[in-house]
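Reading through the structure tokens given below for one structure.
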Amino acid sequence: MSPPAIIAPSILSADFAALGKACSDTIEQGASWLHIDIMDGHFVPNMTFGAPVVTKIRPHVKRPSSAHGTGTFDCHMMIAEPKKWVKDFQKAGCDLYCFHYEAAISSTAAETPADHSESKTSPKDMIRYVHEQSMLAGIAIKPDTPVDVLWDILDNQTQEEVPDMVLVMTVHPGFGGQKFMASELPKVAALRQRYPTLNIEVDGGLSEATIDQAADAGANVIVAGSAVFGAKDPADVIAKLRDAVEKRR
Ligand SMILES: O=C(CO)[C@H](O)[C@H](O)COP(=O)(O)O
Ligand SMILES: [Fe+2]
């Protein structure tokens, strides 16, 4: 049996002027997690916000009572230097720090040698480091990245270096409200076949119109921004996304 459905509305589409209430409302409407998109204007061509905003919204949502529980802050780090911000986000109240594979393997433009050693890392080092800061670790791949780069990471026998979740992007990261890329679903299916109990998240263009394909492929963690925050009845959308995943387990 695959893991339970987790519905994670992306607050990228929430009312930023009333973000605390938007966050508590979406949990009351049946959301499992909050998906928090952090963009730095380098790794992706857009910017959002940093740890101080996460600190401000944290008191509006009760901390999860167990790993992966309701109220998990799922921080999707679309940033060029993922290692540099781990401690800040832990202090701010992040529960799951999901960095991009592509950022972890590429060298970064650091200002000083000291910065460089702080920010350059490998995916396995990153996962270990996130775990050392008492957070769950997620690893994300962009549409241009083949899924087989993850086999070595997921097959690792060193438990501290194994991610708690894989995020398969179903849009090119950077903006909400884009068209779902069904071309990415074979990655999800390949992951589900190899790892029946892995949390597999899909992000980008998920809605009532696309959830069946994603759930059929084996995704269980569903990010939806515009489909939830743009809905007349967000609770109904959240329930439908959850049902679509649950009925395939
Ligand atoms: O990571 C993201 C964009 O890079 C967002 O999480 C994603 O796009 C969600 O928005 P929507 O559901 O509207 O597509
Ligand atoms: Fe995201």
Side-chain angles (χ1 to χ4, degrees), residues 5-16 19 22-23 26 29-51 53-54 57 72-80 82 85 89 94-103 136-145 163-185 187-188 199-215 219-234 236-238 240-242 244-245:
I6 291 171
I7 309 303
S10 159
I11 63 170
L12 191 57
S13 296
D15 177 2
F16 275 23
L19 201 48
C23 293
T26 196
Q29 288 156 356
S32 322
W33 294 0
L34 282 190
H35 182 84
I36 302 174
D37 289 301
I38 308 298
M39 306 184 189
D40 66 355
H42 293 280
F43 184 72
V44 287
N46 196 6
M47 294 173 80
T48 54
F49 51 79
V53 172
V54 178
I57 58 176
T72 292
F73 274 18
D74 164 27
C75 294
H76 177 192
M77 307 304 294
M78 289 167 273
I79 61 174
W85 301 100
F89 275 78
C94 168
D95 301 295
L96 192 164
Y97 191 93
C98 184
F99 65 90
H100 266 266
Y101 168 84
E102 303 84 359
L136 299 172
I139 186 163
I141 52 169
K142 295 204 242 185
D144 293 338
T145 302
D164 304 287
M165 185 185 80
V166 168
L167 163 53
V168 175
M169 289 303 297
T170 45
V171 296
H172 291 285
F175 301 91
Q178 300 185 74
K179 191 172 178 295
F180 178 74
M181 295 168 69
S183 58
E184 302 314 293
L185 293 179
K187 296 179 184 175
V188 175
N199 278 312
I200 304 174
E201 182 173 63
V202 282
D203 181 12
L206 272 304
S207 69
E208 286 171 66
T210 55
I211 186 63
D212 286 341
Q213 302 166 67
N220 71 298
V221 185
I222 310 300
V223 177
S226 44
V228 168
F229 286 101
K232 275 211 180 89
D233 186 350
D236 182 58
V237 175
I238 291 168
K240 286 189 169 127
L241 297 175
R242 187 182 300 285
V245 175

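Read the numbers this way: they start at 1 and go in the same order the structure lists the ligands and their atoms.
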ask   = With under 30° as parallel and over 60° as perpendicular, where do the rings of Phe16 and Phe49 fit, or are they tilted in between?
value = perpendicular
inquiry  = Minimum heavy-atom separation for Ile57 and Cys23, please, with both atom names.
reply    = CD1-SG, 4.0 Å
message = Within the structure provided, determine whether Asp164 and Leu96 are in side-chain contact (heavy-atom separation under 4.5 Å).
response = no
message = Donor-acceptor check, side chain of Tyr97 to backbone of Met77, threshold 3.5 angstrom: yes or no?
response = no
ask   = What are the protein N/O/S atoms, named by residue and atom, that sit under 2.8 Å from the Fe ion (ligand 2)?
value = His35 NE2, Asp37 OD1, His76 ND1, Asp203 OD2
ask   = Taking the side chain from Ser207 and the backbone from Ala227, do they hold a donor-acceptor pair closer than 3.5 Å?
value = no
query = Do the ring planes of His100 and Phe43 sit parallel (below 30°), tilted (30 to 60°) or perpendicular (above 60°)?
reply = tilted
ask   = If you take all heavy atoms of Asp40 and Met47, which pair is closest and at what distance?
value = C-CG, 3.9 Å
query = Are the side chain of Thr72 and the backbone of Asp74 linked by a donor-acceptor contact shorter than 3.5 Å?
reply = no
request  = Using modelled atom types only, decide if a donor and an acceptor are shared between the side chain of Ser32 and the backbone of Ala8 within a distance under 3.5 Å.
outcome  = no
For ligand 1, which of its N or O atoms have a protein N or O partner closer than 3.5 Å, and how long is each gap?
| unit_1 | atom_1 | unit_2 | atom_2 | d |
| --- | --- | --- | --- | --- |
| ligand 1 | 1 (O) | Asp37 | OD1 | 3.0 |
| ligand 1 | 1 (O) | His76 | ND1 | 3.2 |
| ligand 1 | 1 (O) | Asp203 | OD2 | 2.9 |
| ligand 1 | 4 (O) | Gly174 | N | 2.8 |
| ligand 1 | 6 (O) | His35 | NE2 | 3.3 |
| ligand 1 | 6 (O) | Asp37 | OD1 | 3.0 |
| ligand 1 | 6 (O) | Asp37 | OD2 | 2.8 |
| ligand 1 | 6 (O) | Asp203 | OD1 | 2.7 |
| ligand 1 | 6 (O) | Asp203 | OD2 | 3.0 |
| ligand 1 | 8 (O) | Phe175 | O | 3.2 |
| ligand 1 | 12 (O) | Gly225 | N | 2.7 |
| ligand 1 | 13 (O) | Gly177 | N | 2.8 |
| ligand 1 | 13 (O) | Ser226 | N | 3.0 |
| ligand 1 | 13 (O) | Ser226 | OG | 2.6 |
| ligand 1 | 14 (O) | Gly205 | N | 2.9 |

